[in-house]
Amino acid sequence: FFLLLFCFLGLAASASKVIPSQFFISGLSADEAHAPFYHGVASADPGEDSILLWTRRTPDGAAATFVADDSADSSESYTLTYYIFNYVAEENAEPVSSGTVLASAADDFTAAALVEGLVANTRYRYHFVDQATGSKSSVGETRTAGGSPTSLRILVSSCSSIWSGALATYSEMAKQEDVNLVIHVGDYIY
């Protein structure tokens with residue numbers, strides 16, 4: 001079995017060298033409403049009083065594709081501000097926490113912030129803002145760990161083929177209010 005798996009991985013790796021990357025993304029386009037945060041936001045590694053926030057700020061002038069762009073100036077960077085709010089906060093409420101992070105070419109214009117001083121087992125909303133342009137990312141939702149839950153609700157997803165559908169499962173997963181953990185196994189999109 002493992003030999004077959006390695007053979008398959010070898011064929012897949014060699015195929016990606018032969019077939020131009022444009023083949024894999026033809027027909028896809030980014031939603032300009034999310035510019036320049038085309039890759040959205042994510043959170044991870046919840047602690048009882050902390051959470052890790054992530055985003056990617058697509059460089060100015062870069063194609064809004066989902067393939068790495070090596071043409072960016074290696075010294076180029078963007079200063080982003082993150083804001084985290086209580087989940088039920090009003091639209092113009094004061095953030096619970098905020099800070100700045102740098103999205104630089106050295107890290108493929110990704111930025112991560114470890115936000116500390118939060119309350120255990122609490123839901124939050126967050127977003128990033130580009131300080132230079134005022135562009136705002138989409139709003140993410142997250143929850144800190146902690147407490148003594150009597151039950152745990154886990155959502156699991158696996159490999160996704162963008163060519164087989166609109167990936168509606170992910171929007172349905174996002175609508176679930178009482179999820180404690182989402183685990184994605186396998187490839188993200190191919």
Side-chain angles (χ1 to χ4, degrees), residues 30-31 33-60 62 64 66 68 72 74-157 167 169-186 188-189:
D31 184 347
H34 298 292
F37 296 97
Y38 296 110
H39 295 83
V41 298
S43 65
D45 202 18
E48 288 192 1
D49 69 345
S50 63
I51 197 77
L52 183 69
L53 305 180
W54 176 94
T55 193
R56 181 176 190 269
R57 200 275 190 205
T58 302
D60 291 337
F66 298 97
S74 64
S75 65
E76 190 175 6
S77 64
Y78 301 92
T79 302
L80 310 177
T81 303
Y82 68 83
Y83 297 93
I84 187 164
F85 299 86
N86 284 320
Y87 183 78
V88 294
E90 296 295 322
E91 180 73 25
N92 32 349
E94 289 295 315
V96 172
S97 182
S98 65
T100 58
V101 292
L102 195 63
S104 69
D107 295 315
D108 192 30
F109 300 99
T110 62
L114 179 61
V115 182
E116 299 178 303
L118 302 175
V119 178
N121 197 29
T122 302
R123 292 176 69 186
Y124 294 96
R125 293 180 193 245
Y126 64 93
H127 66 266
F128 291 83
V129 175
D130 182 321
Q131 285 189 350
T133 65
S135 300
K136 181 179 165 185
S137 72
S138 55
V139 176
E141 298 177 8
T142 191
R143 176 184 291 185
T144 51
S148 299
T150 57
S151 65
L152 187 64
R153 186 156 182 228
I154 301 172
L155 295 179
V156 178
S157 65
L167 307 177
T169 301
Y170 296 111
S171 61
E172 290 302 313
M173 289 172 62
K175 293 176 187 176
Q176 304 300 311
E177 295 285 331
D178 58 345
V179 174
N180 300 94
L181 177 66
V182 177
I183 298 173
H184 193 290
V185 297
Y188 177 62
I189 294 176

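Everything numeric here is computed off the predicted structure, so don't read it as measured data.
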Please report the closest heavy-atom contact between [X] and [Y], naming both atoms and the distance.
{"X": "Ala35", "Y": "Tyr38", "value": "CB-OH, 3.3 Å"}
{"X": "Ala103", "Y": "Phe109", "value": "CB-O, 3.5 Å"}
{"X": "Ser138", "Y": "Val41", "value": "O-CG1, 3.8 Å"}
{"X": "Gly146", "Y": "Asn121", "value": "O-CB, 3.6 Å"}
{"X": "Ser157", "Y": "Tyr170", "value": "OG-CE2, 3.9 Å"}
{"X": "Tyr124", "Y": "Val119", "value": "OH-N, 2.9 Å"}

Could you list the residues that satisfy side chain to side chain contact (heavy atoms under 4.5 Å, CB included) with [X], not counting sequence neighbours?
{"X": "Val179", "value": "Arg153, Leu155, Gln176, Val182"}
{"X": "Glu94", "value": "none"}
{"X": "Ala42", "value": "Trp54"}
{"X": "Ala113", "value": "Tyr82, Val101"}

### Thr55 side chain to Gly40 backbone, donor-acceptor under 3.5 Å
yes
### Message
Using only atom types and a distance under 3.5 Å, with no angle test, would you say the side chain of Asn86 pairs donor to acceptor with the backbone of Val88?
### Response
no
### Residue pair Thr133 / Tyr78, side-chain heavy-atom distance below 4.5 Å
no
### Query
Any side-chain heavy atom of Thr142 within less than 4.5 Å of one from Pro46?
no
#### Entry: Stepwise side-chain contact (heavy atoms from CB on, under 4.5 Å) check, Thr122 with Tyr87
CA-CA 8 Å; Thr122 302; Tyr87 183 78; over 6 Å; no
With sequence neighbours left out, what residues match [X] under side-chain hydrogen bond (donor to acceptor under 3.5 Å, both in side chains)?
{"X": "Thr81", "result": "Gln131"}
{"X": "Thr144", "result": "none"}
{"X": "Ser98", "result": "none"}
{"X": "Thr79", "result": "none"}

#### Entry: Those residues that, when tested against Tyr83, pass ring pair (Phe, Tyr, Trp, His ring centres under 6.0 Å) (two or more places apart)
His127
### Summary
OG1 (Thr100) and CZ (Phe128) are apart, to the nearest 0.5 Å, by 11.0 Å
### Query
So which pairs with a foot in residues 132-142 pass salt bridge (charged side-chain N to carboxylate O under 4.0 Å, His left out), sequence neighbours left out?
Arg123-Glu141, Arg125-Glu141
### Task
Begin from the C-alpha positions of Phe37 and Leu80 and carry the test side-chain contact (heavy atoms from CB on, under 4.5 Å) through to its verdict.
CA-CA 11 Å; Phe37 296 97; Leu80 310 177; 4.0 Å; yes
### Query
What residue among Asn180, Leu181, Leu118, Ile51 forms side chain to side chain contact (heavy atoms under 4.5 Å, CB included) with Arg143?
Asn180
#### Entry: Counterpart residues, salt bridge (Lys or Arg N to Asp or Glu O under 4.0 Å), relative to Asp60 (two or more places apart)
Arg57
